[in-house]
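Side chains included, hydrogens not; waters and symmetry mates left out as well; all remaining heavy atoms used.
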Amino acid sequence: MLIEVIVINNKTEEIVYGYYAARQLLDTTEEKLVEEMTDCDCEPIGETNVVECNCFEEWEDYTLIVGNENNYNNIDYEKARLV
C-alpha cells in the first residue's frame, strides 16, 4: 500500500504530490523527502559547468502532508504536479 505525500509551497501555492511505500518514508528525513519531491532541473550557465539553482529557497516555506492527516482533502489535483 502506498502513502500519498503532498508538499504545498506556502509562498506560491504550488502543489506537488507523490506516492511512497512506508519503508521509503521510514528510511528518509523530511528534508530529503521535500528536496526529492521539489527537485528542479537546473542548467549550467553558458559554456561553464557552473549550476545555479534556487530550488531550496523557492521551497523553504512549505507544508508537508503525509497520508490523510487532519483529513486534508481540499487539494486541487488538476493544478498539482505528480512526482
Leu64 and Ile6: CA distance, side-chain angles, deciding distance, side chain to side chain contact (heavy atoms under 4.5 Å, CB included) verdict | CA-CA 6 Å; Leu64 177 67; Ile6 302 167; over 6 Å; no
Under 4.5 Å between any side-chain heavy atoms of [X] and [Y], yes or no?
X     : Y     : answer
Asn9  : Asp61 : no
Ile65 : Thr63 : yes
Trp59 : Val16 : yes

Around atom CD of Glu13, are there more than 12 heavy atoms of other residues, nucleotides or ligands at under 6.0 Å?
->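 Check fails, neighbour count at 12 or below.
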Working for salt bridge (Lys or Arg N to Asp or Glu O under 4.0 Å), residues Lys11 and Glu58 = CA-CA 8 Å; Lys11 293 179 188 174; Glu58 185 178 319; over 6 Å; no
Hey, which of Thr29, Val5, Asp39, Val7 is the one that makes side-chain contact (heavy atoms from CB on, under 4.5 Å) with Val34?
->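 Output: one option passes, namely Val7.
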Hey, does the side chain of Thr28 reach the backbone of Gln24 with a donor-acceptor pair shorter than 3.5 angstrom?
->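 Between the backbone of Gln24 and the side chain of Thr28 there is no qualifying donor-acceptor contact (under 3.5 Å).
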Might you point out which heavy atoms bring Tyr19 and Glu4 nearest each other, and give the distance in Å?
->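 So the minimum-distance heavy-atom pair works out to OH-OE2, 3.3 Å.
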Single-linkage hydrophobic cluster Leu2~Leu26, side-chain heavy atoms < 4.5 angstrom |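 Shared cluster, no.
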For residues Tyr20 and Glu36, is any side-chain donor paired with an opposing acceptor at under 3.5 Å?
->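 Short answer, yes.
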Does one side chain, of Glu30 or Tyr62, offer a donor that lies under 3.5 Å from an acceptor on the other?
->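 There is such a pair between these side chains.
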Ile15 CD1 to Met37 CE distance, which is reported to the nearest 0.5 Å |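 With rounding to 0.5 Å, CD1 (Ile15) is 11.0 Å from CE (Met37).
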